[in-house]
Amino acid sequence: SPPPSPPLHSFHLLLHQELDTKHDKHERLVKLSRDITIESKRTIFLLHRVTSVPDVEEVLTEADLKLDGVRLNIRMIAEELRGEDLHQFHRAFTPGIQEYVEAVSFHHFIRHRTLISLEEINTKLVFVKEPEGQQPMGTPQVLTFQVTPTDYLLGVADLTGELMRMCISSVGNGDMDTPFQVSMFLRQIHDGFSYIGNTGPYEVSKKLHTLRQSLSKVEDACYTLKVRGSEIPKHMLADVFSSRTAMMDQDEGMA
Amino acid sequence: MHAFCFCKFIPLSSQLTAHVIFQDIRKVVQVLEQTAREILTLLQSVHQPSGFKEIPSKCQKARELFCTVRTHLGELKTKFPVDQYYRFHEHWRFVLQRLAFLAAFVVYLESESLVTREEVAQILGIEVVREKGFHLDVEDYLAGVLIMASELSRLAVNSVTAGDYSRPLRISNFINELDSGFRLLNLKNDPLRKRYDGLKYDVKKIEEVVYDLSIRGLSKELEAGGDK
């Protein structure tokens with residue numbers, strides 16, 4: 001039989017390889033993104049403990065270590081994307097990166113009570129490869145991963161959900177300061193997103209609704225604290241925010 | 001304390017820039033789509049009985065229209081930063097696939113062979129390799145080829161109607177080879193895969209045409225004499 005015609009040949013050799021290479025890279029990035037998501041979520045879970053333990057710094061240090069681990073994975077993403085058009089693979093790694101932004105901004109808020117900037121996030125994602133031993137004059141190779149503004153905004157939008165949880169749980173622990181700090185901070189984030197409104201990417205506008213709900217819960221909590229906080233013994237504050245006991249008579253001082 | 005200025009991430013100037021880029025791209029894409037429609041109208045006429053004789057002249061005219069396509073694609077290249085092809089790819093993916101199909105169709109009508117990706121890129125005046133500039137993505141090339149397969153299954157049917165009993169057999173061989181080629185590829189569960197799934201219906205349709213011809217002895221006429 002005659003040899004396969006040239007196009008069939010190119011299907012076999014080139015196209016097949018090119019497709020496989022692209023799909024394989026996509027898969028590797030998806031796996032890295034998943035690992036980043038898992039470890040970032042664990043970090044967030046860990047960080048929530050600051051409302052109930054005496055040593056906040058210990059929790060933050062442990063979280064720092066976890067985030068260092070996440071950054072190693074981000075470094076591997078940067079390696080995969082070396083020389084590539086990152087928009088071709090953005091869908092693969094954006095979930096992990098958003099989760100990382102959420103974790104790192106949560107960490108930053110707990111420590112500094114401010115919002116971490118995109119620049120600060122990206123500064124930590126500059127990876128330096130030490131030159132190989134035998135090259136004394138070798139320049140260190142620098143590899144960067146830069147979080148895009150959209151991914152940053154989406155991560156911060158998700159952060160607001162965690163802040164809401166933190167606010168509610170801090171009330172339950174008799175902390176009278178954190179709820180108001182979180183409320184003020186959350187309101188600023190919300191107002192910032194409101195200002196963007198629909199002019200930003202579609203995914204960002206979608207988050208605005210959830211953001212409003214989180215803010216609303218937090219503002220209601222602060223209202224309750226303000227109006228009734230002094231009337232309620234601290235150890236009962238947690239119950240006030242539980243719907244089950246919302247109707248309980250204040251006069252009954254039950255432990 | 002003031003609200004966070006997220007507007008620096010969507011600064012009005014950059015929003016405006018992105019908006020302008022989208023507008024610019026869309027304008028050129030619309031012109032490309034118009035030209036693609038003209039080429040398609042020209043080539044669709046081969047399905048008419050009278051159209052068969054005029055295939056060479058139609059291909060010639062189509063090639064001339066591709067000159068216009070090259071100009072417009074050259075213009076499209078300039079509308080966005082060169083390293084952000086995939087950021088805006090969705091805007092021209094559809095028309096590029098149509099153009100790949102039309103290029104493949106012209107080449108088939110001229111030489112009854114399968115156009116290579118390099119040839120399509122040449123006809124369109126674009127690159128094959130991403131690093132060299134505005135390029136033809138492998139999946140867009142494959143999508144264009146699959147669209148052509150559907151066109152050929154239709155052509156097989158209309159060839160018979162027009163009295164050409166040999167063309168369907170040649171189309172059948174061609175499509176079967178194409179199908180073999182695609183089976184060598186590992187496709188993921190994406191739009192390309194779905195489009196490829198449609199190829200089997202084209203294969204079947206052409207097989208039926210060939211069957212109809214052979215049981216009536218119409219294809220035997222070929223083996224006796226030359227083709228039409």
Side-chain angles (χ1 to χ4, degrees), chain A residues 2 4-24 26-27 83-91 113-115 117-119 147-154 156-157 181 184-201 204-205, chain B residues 1-12 14-16 18-19 80-90 104 107-108 112-120 128-131 135 137-139 141-142 145 173-174 176-190 192-193:
Chain A
S5 54
L8 209 59
H9 236 144
S10 75
F11 263 74
H12 180 59
L13 295 170
L14 304 166
L15 299 180
H16 162 253
Q17 206 175 319
E18 194 173 333
L19 273 179
D20 279 358
T21 305
K22 181 186 156 222
H23 289 145
D24 288 347
H26 195 266
E27 276 312 301
E84 300 286 349
D85 180 337
L86 56 89
H87 282 102
Q88 193 180 11
F89 298 100
H90 184 249
R91 244 182 335 120
R113 287 297 192 257
T114 64
L115 179 66
S117 71
L118 180 56
E119 289 78 26
V147 176
T148 62
T150 303
D151 284 341
Y152 169 75
L153 288 176
L154 293 171
V156 169
Q181 288 168 351
M184 192 159 59
F185 183 69
L186 205 49
R187 196 176 297 119
Q188 285 167 29
I189 294 182
H190 168 266
D191 291 354
F193 273 93
S194 281
Y195 183 77
I196 297 176
N198 282 331
T199 67
V204 172
S205 343
Chain B
M1 273 219 246
H2 46 271
F4 291 113
C5 201
F6 289 133
C7 51
K8 77 171 170 174
F9 298 117
I10 322 274
L12 280 177
S14 116
Q15 259 307 89
L16 235 41
H19 186 67
F80 61 95
V82 69
D83 59 346
Q84 291 184 22
Y85 179 88
Y86 281 103
R87 186 161 169 214
F88 303 101
H89 177 236
E90 284 302 307
V107 167
Y108 180 82
E112 303 205 356
S113 64
L114 176 64
V115 72
T116 61
R117 186 177 164 205
E118 286 71 21
E119 254 184 285
V120 175
V128 173
V129 173
R130 181 183 59 86
E131 287 86 338
H135 75 297
D137 184 281
V138 61
E139 292 178 6
Y141 161 72
L142 292 172
V145 166
N173 289 334
F174 179 84
N176 287 331
E177 245 190 74
L178 189 67
D179 190 36
S180 305
F182 267 94
R183 290 217 212 122
L184 295 171
L185 304 176
N186 297 319
L187 299 180
K188 294 269 152 167
N189 235 340
D190 56 8
L192 179 63
R193 172 72 190 281

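Contacts with chain A were tallied for H89(B), K188(B), E139(B); K188(B) has the most, counting heavy-atom pairs under 4.5 Å.
The residues R183(B) and D179(B) are annotated as salt-bridged, a charged nitrogen and a carboxylate oxygen being separated by less than 4.0 angstrom. Taking a cutoff of 4.0 Å between a charged side-chain nitrogen and a carboxylate oxygen, R117(B) and E18(A) qualify as a salt bridge.
Neither the backbone nor the side chain of Q17(A) has a heavy atom closer than 4.5 Å to any heavy atom of chain B. Of the two parts of D85(A), the backbone and the side chain both hold a non-hydrogen atom closer than 4.5 Å to a non-hydrogen atom of chain B. Neither the backbone nor the side chain of E119(B) comes within contact range of chain A, judged by heavy atoms closer than 4.5 Å. Heavy-atom distances place the backbone of D83(B), and not its side chain, under 4.5 Å from chain A. Contacts of R87(B) with chain A are made by both backbone and side-chain atoms, with heavy-atom separations under 4.5 Å. Heavy atoms of F182(B) lying under 4.5 Å from chain A belong to its backbone as well as its side chain.
Taking the centre of each ring, F89(A) and Y86(B) stay at or above the 6.0 Å mark.
Residues Y85(B) and H135(B) come closest through the heavy atom pair OH-O, 2.7 Å.
Open room surrounds CZ on R91(A); 12 or fewer heavy atoms of other groups in view lie less than 6.0 Å from it.
Side chain of H90(A) to main chain of L86(A): no donor-acceptor pair is present (N/O by atom type, distance under 3.5 Å, no hydrogens or angles).
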